[in-house]
Amino acid sequence: MSTRSWVHCGREFSAAEIADLCATVAWLPGLPRQELAATLCEHLAWFTLSGTPKIHACLEFLERLQTAGLLVLPPLRAARPVRPAALAPAVEAIDEAPIDGPLLALGPVRLEIVRETTGVAQWDALVARWHPLGFQGAFGYRLRYFITAGDRRLGCVLLSGAARAVAVRDRWIGWTAPARRENVARVVNNSRFLIFPHVRVPHLASHVLGQLARRTRADWLDHWGFEPLLLETFVDPRHHAGTCYRAAGWQWLGETSGRGLARPGQSYHSTPRQVWVKPLTSDYCDRLCAVPGSTRS
């Protein structure tokens, strides 16, 4: 049996926990892997911040332990027949008549959370069509918004999970590796921000970003069950200067290296991006650097 600790998905497992985990797997040889992982998550209190078991991460960890010869997983069961995919909902066209003029002439500008299936389909289609990065779907923690004024839709915003590690951001926060693993879920990424091309209203973008910063904590808590502390975004300096973020009170930290590790053994290279952040609370730094069971010097 292993006498060392293991780290997986930001959690360290002691040798005693590994021994208990392996004993549980041996005790439940007939349990399907999905149910086994759910049971182990309960035993280990391994949950997301919103309280759901980390089943996918647990399955990956079990496979690592099996590869190391520490346990034997129940055999994979035959996949159920694949049902025909449901037809995608029809996407309603939007009014593309030009909108220009002063911000005040629009009337109240609002952020509308997108929840209904038809709204999500339209949001996805519009961002895929008009955003420079396109869009192929959102996974994990995410929250879509339409930017609206009256009965017109003006653009789209997406909040999603933070980048796992960004050197310039992590130094600015003052993160240790354990603190980052513990608290990175409380950083939220503004991963898509789109004003439709037929909308040309000065100061609209910074006005929307101001609303976003004021709403994110409450909206995220209501939707996902935990409170974020910091917004981040990445701007490609080849195409944008980050002017609207600066005008909305975001802080520029520097640039990414343009290099990273996609998964063990596979790296990627991209154009460096500007890193912008917006704290959502006055005590964000202390809370982001807190690690249960330790004291920060």
Side-chain angles (χ1 to χ4, degrees), residues 91-116 118-135 138 142-160 162 187-223 227-253 273-282 284:
V91 175
E92 181 183 354
I94 66 166
D95 185 353
E96 296 183 32
I99 301 175
D100 50 28
L103 180 62
L104 288 175
L106 284 177
V109 175
R110 297 184 176 88
L111 285 168
E112 170 193 314
I113 296 178
V114 184
R115 301 185 190 275
E116 300 298 327
T118 53
V120 168
Q122 185 186 48
W123 191 102
D124 289 0
L126 291 168
V127 175
R129 175 185 178 188
W130 278 324
H131 197 281
L133 297 177
F135 190 69
R142 73 269 186 197
L143 199 56
R144 294 170 174 86
Y145 295 89
F146 276 121
I147 305 166
T148 67
D151 61 354
R152 296 289 301 270
R153 287 177 170 167
L154 313 177
C156 301
V157 176
L158 176 66
L159 298 179
S160 58
V187 180
V188 175
N189 191 320
N190 175 206
S191 51
R192 292 291 188 275
F193 183 35
L194 170 68
I195 303 294
F196 297 149
H198 54 274
V199 179
R200 295 177 290 274
V201 177
H203 313 300
L204 173 61
S206 58
H207 179 73
V208 169
L209 289 171
Q211 282 197 41
L212 185 68
R214 292 189 293 272
R215 287 192 50 172
T216 294
R217 286 173 65 198
D219 288 350
W220 200 262
L221 178 63
D222 178 65
H223 196 77
E227 179 188 29
L229 302 173
L230 184 72
L231 280 170
E232 70 178 11
T233 198
F234 303 98
V235 174
D236 188 341
R238 298 174 302 172
H239 304 296
H240 303 284
T243 304
C244 62
Y245 288 97
R246 188 184 304 278
W250 291 52
Q251 182 176 345
W252 177 78
L253 300 184
R273 301 293 199 267
Q274 295 177 350
V275 182
W276 294 82
V277 294
K278 177 71 173 177
L280 300 177
T281 68
S282 59
Y284 71 93

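The model shown is predicted, which means the values in this text are computed figures rather than measured ones.
- The OG1 atom of Thr148 sits 7.5 Å away from the CG atom of Leu111 when rounded to the nearest 0.5 Å.
- Summarising the geometry, atom CD1 belonging to Ile147 is positioned 3.5 Å from atom CD1 belonging to Ile195; distances are rounded to the nearest 0.5 Å.
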* To do: Please test Asn190 against Trp250 for side-chain contact (heavy atoms from CB on, under 4.5 Å), starting from the C-alpha separation and ending with a verdict.
  => CA-CA 12 Å; Asn190 175 206; Trp250 291 52; 4.3 Å; yes
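- Residue-environment remark: CD (Glu96) exceeds the threshold of 12 foreign heavy atoms within 6.0 Å.
- Between the side chain of Arg200 and the backbone N or O of Pro197, at least one donor-acceptor pair lies under 3.5 Å.
- At a threshold of 4.5 Å between non-hydrogen side-chain atoms, the residues Gln122 and Ile94 count as touching.
- Taking SG of Cys156 as the reference point, atom CZ of Phe196 lies at 4.0 Å (rounded to 0.5 Å).
- Around atom NE2 of His203, no more than 12 heavy atoms belonging to other residues, nucleotides or ligands sit under 6.0 Å away.
- Within the 3.5 Å criterion, the main-chain N or O of Val120 finds no donor-acceptor partner in the side chain of Arg144.
- Of all heavy-atom pairs spanning Ala97 and Asp95, the tightest one is N-OD1, 2.9 Å.
- For the atom pair CZ of Phe193 and CG of Leu209, the computed distance is 4.0 Å after rounding to the nearest 0.5 Å.
- For the pair Leu154 and Val208, the minimum side-chain heavy-atom distance is 4.5 Å or more.
- Taking each heavy atom of Arg115 and Asp222 in turn, the nearest pair found is NH2-OD2, 3.6 Å.
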* To do: Could you go through the side-chain contact (heavy atoms from CB on, under 4.5 Å) check for Val127 and Leu158 one step at a time?
  => CA-CA 10 Å; Val127 175; Leu158 176 66; over 6 Å; no
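- Of all the heavy atoms in Val235 and Gly242, the pair that sits closest is CG1-N, 4.1 Å.
- Between Asp124 and Arg142, none of the side-chain N atoms (NZ, or NE/NH1/NH2) sits under 4.0 Å from a carboxylate O, so this pair counts as no salt bridge.
- For the atom pair CD (Gln274) and CG (Leu253), the distance works out to 10.5 Å, reported to the nearest 0.5 Å.
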* To do: Could you go through the ring pair (Phe, Tyr, Trp, His ring centres under 6.0 Å) check for Trp252 and Tyr245 one step at a time?
  => CA-CA 9 Å; Trp252 177 78; Tyr245 288 97; over 10 Å; no
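- Between Val201 and His207, every side-chain heavy-atom pair lies at or beyond the 4.5 Å cut-off.
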* Asked: Would Asn189 and Phe234 satisfy side-chain contact (heavy atoms from CB on, under 4.5 Å), going step by step from the backbone distance to the final call?
  -> CA-CA 8 Å; Asn189 191 320; Phe234 303 98; 3.2 Å; yes
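- Proximity of a side-chain donor or acceptor of Asp219 to a complementary backbone N or O of Leu221 within less than 3.5 Å is not detected.
- Shown here for Ser206 and Ala248, the closest heavy-atom pair between the two residues is O-CB, 3.7 Å.
- Residue Arg215 places its CZ atom among more than 12 non-hydrogen atoms of other residues, nucleotides or ligands, all under 6.0 Å distant.
- Pairing each heavy atom of Thr216 with each of Pro228, the nearest pair is CG2-CG, 3.9 Å.
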* Check against side-chain contact (heavy atoms from CB on, under 4.5 Å), Leu106 and Ile99 -> CA-CA 9 Å; Leu106 284 177; Ile99 301 175; 3.6 Å; yes
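- The CG atom of Leu159 sits 12.5 Å away from atom CZ of Arg192, with the distance rounded to the nearest 0.5 Å.
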